[in-house]
Amino acid sequence: MRLRFPPYDVFKELFDPILEDLHGGYKPSDEHKPDLNPDNLQDGDDLAPNYVLSSQVRSGHSIRASASPHVPHCSRGEHGAREQLAVELRRAWTWPATWPVLALKSMTQAEQQQLIDDHFLFDEPLSPLLLASGMARDWPDAPDIWHSDSKIFLVWVNEEEHLRVISVQKGGNMKEVFPWFCNGLAQIETLFKSKNYEFMWNPHLGYILTCPSNLGTGLRAGVHIKLPHLGKHETFPKVLKRLRLQKRGTGGVDTAALGGVFEVSNADRLGFSEVELVQVVVDGVKLLIEMEQRLEQGWAIDDLVPAQK
Ligand code: ADP
Ligand code: MG
């Protein structure tokens, strides 16, 4: 059954061409195929740790019948209701241990800053897109975070998305990070379903997230990677584009890379499965490291530049 998702259905004529352009030619008749089986990922346990500082996989999820954070009628009450629901479900969840829910409003400035510096916590929303869309209206009233003891698995509530599911760890072992993400997400979805809640999803658009650029998997898999030579090389933007990767600074979206350290992650979200997107990152990062090593020796990299697909 094709479920309706305003505004994507009501404004279909407007959105179809936008989504086609935004998501690499994704057609109105295309179907999104998920794959959250981490065993299907090839390699990924061997991204050189002297280049790859940390590895992360995240996605966002919207709770059906709850207002999107940026719609005008998303009131403080809506945020509060989602916070209560998350706390209630968290109490019912025993996998793999009981972790407390930490509310942003109850943290000291120092605790908050430490979690941000360690890349475990969202920063205050400063992006003009987020501010202009009104998603920070009640900040920091109801955003919360849960994390596992080792902090490899985290859940954010009421940030840019209703829920963000994140797995992150120092070093380059994506083969360890990805299963945490897949298993944790499966557990959370089961828990929501057991209480008659579900995530917004449909076969054409996949998971429905706050931003149209995040439809589909909503997945961003990425690494913080040291590329002091390649990062300055003229072909770097072209190489990333052809590998279907994107770069940011390590402070997140809208930050600049410092000291040759970049965040590199998948550029696509829709029309590819979760496994395919993580594989793109694993394979692409290996090539970036090979290029960086060549440049360290003063050698040419022309033969390594991937062809336009
Ligand atoms: P998103 O599009 O996922 O919202 P942001 O750019 O807002 O991305 O980043 C969210 C947070 O995740 C930031 O604090 C960022 O530093 C952190 N992050 C992203 N990738 C990694 C990574 N590979 N290792 C550690 N932290 C990361
Ligand atoms: Mg963000």
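Order of appearance sets the numbers: ligands from 1, and atoms from 1 within every ligand. Since this is a predicted model, take the numbers as computed values, not measurements. Computed from heavy atoms alone, side chains included, the values below leave out hydrogens, waters and symmetry copies.
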Participant: Which residue pairs pass the side-chain hydrogen bond (donor to acceptor under 3.5 Å, both in side chains) test with at least one member in residues 182-192, sequence neighbours excluded?
Facilitator: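 Listed by first then second residue: Glu189-Tyr207.
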Participant: Thinking salt bridges, do Arg58 and Glu161 make one under a 4.0 Å N-O criterion?
Facilitator: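 Glu161 and Arg58: not salt-bridged.
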Participant: Among residues at least two apart in sequence or on other chains, which ones pass side chain to side chain contact (heavy atoms under 4.5 Å, CB included) with Gln42?
Facilitator: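 Side chain to side chain contact (heavy atoms under 4.5 Å, CB included) list for Gln42, sorted by chain: Gln279.
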Participant: So which heavy atom in the protein is nearest atom 26 (N) of ligand 1, and how far is it from that ligand atom?
Facilitator: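 Residue, atom and distance for the closest contact: His119 CB, 3.3 Å.
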Participant: So, do Phe272 and His23 have ring centers that fall under 6.0 Å from each other?
Facilitator: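 That pair fails the under 6.0 Å test.
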Participant: Does Thr255 approach ligand 1 within less than 4.0 angstrom via side chain, backbone, both or neither, non-hydrogen atoms only?
Facilitator: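 For Thr255, no heavy atom sits under 4.0 Å from ligand 1.
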Participant: Among protein heavy atoms, which lies nearest atom 5 (P) of ligand 1, and at what distance?
Facilitator: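 Result for atom 5 (P) of ligand 1: Arg248 NH1, 3.5 Å.
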Participant: Quick test: of every protein heavy atom, which one is nearest to atom 11 (C) of ligand 1, and how far off is it to 0.1 Å?
Facilitator: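 It is Trp156 CH2, 4.0 Å.
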Participant: Please report which non-hydrogen protein atom sits nearest to atom 18 (N) of ligand 1, along with the residue it belongs to and the distance in Å to one decimal place.
Facilitator: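 Looking at atom 18 (N) of ligand 1, the protein heavy atom closest to it is Gln56 NE2, 3.4 Å.
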Participant: Pull out every atom of ligand 1 sitting under 4.0 Å from any heavy atom of Val223, numbered as shown with elements.
Facilitator: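 Selected atoms, number and element: 23 (N).
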Participant: How far is atom 2 (O) of ligand 1 from the closest protein heavy atom, and which atom is that?
Facilitator: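 Among all protein heavy atoms, the one nearest atom 2 (O) of ligand 1 is Arg58 NH2, 2.7 Å.
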Participant: Just which atoms of ligand 1 are under 4.0 Å from any heavy atom in Thr250?
Facilitator: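 Answer for ligand 1: 15 (C), 16 (O).
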Participant: Is Lys175 paired with Asp39 through a side-chain N to carboxylate O contact shorter than 4.0 Å?
Facilitator: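 Answer for the salt bridge query: no.
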Participant: To which protein heavy atom is atom 19 (C) of ligand 1 closest, and what is the distance rounded to 0.1 Å?
Facilitator: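 Atom 19 (C) of ligand 1 sits closest to the protein heavy atom Glu263 OE1, 3.2 Å.
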Participant: Please determine if Arg90 forms a cation-pi arrangement with Trp146, meaning its NZ or CZ atom is less than 6.0 Å from the six-membered ring centre and no more than 45° off the ring axis.
Facilitator: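 Judged by the rule (NZ or CZ under 6.0 Å from the ring centre, within 45° of its axis), Arg90 counts as positioned above Trp146.
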Participant: Distance under 4.0 Å to a non-hydrogen atom of Val168: what atoms of ligand 1 satisfy this?
Facilitator: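 So the answer, numbered in order with elements, is 24 (N), 25 (C).
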Participant: Can you check whether Phe192 and Trp93 have ring centres sitting under 6.0 Å from each other?
Facilitator: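 No, they do not, as the ring centres are separated by 6.0 Å or more.
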Participant: Atom 23 (N) of ligand 1: which protein heavy atom is closest, and how many Å away?
Facilitator: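 Sorting protein heavy atoms by distance from atom 23 (N) of ligand 1 puts Gly222 O, 3.1 Å first.
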Participant: Using a strict cut-off of 4.0 Å, indicate which atoms of ligand 1 neighbour a heavy atom of His224.
Facilitator: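 So the atoms of ligand 1 that pass are 18 (N), 20 (N), 21 (C), 22 (C), 23 (N), 24 (N), 25 (C), 26 (N), 27 (C).
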Participant: List the steps and the verdict of side chain to side chain donor-acceptor pair (under 3.5 Å) for Asp144 and Asn158.
Facilitator: CA-CA 7 Å; Asp144 292 343; Asn158 281 331; over 6 Å; no
Participant: Would Glu159 count as a contact residue for ligand 1, given that I'm defining contact as a non-hydrogen atom of the residue lying under 4.0 Å from a ligand atom?
Facilitator: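 Heavy atoms of Glu159 never come under 4.0 Å of ligand 1.
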Participant: Identify, for atom 6 (O) of ligand 1, the protein heavy atom at the shortest distance, and state residue, atom and that distance.
Facilitator: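 Its nearest protein heavy-atom neighbour is Val253 N, 2.5 Å.
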Participant: Is Gln109 atom CD crowded by more than 12 heavy atoms from other residues, nucleotides or ligands, each under 6.0 Å away?
Facilitator: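 No, because the 6.0 Å sphere around CD of Gln109 holds 12 heavy atoms or fewer from other groups.
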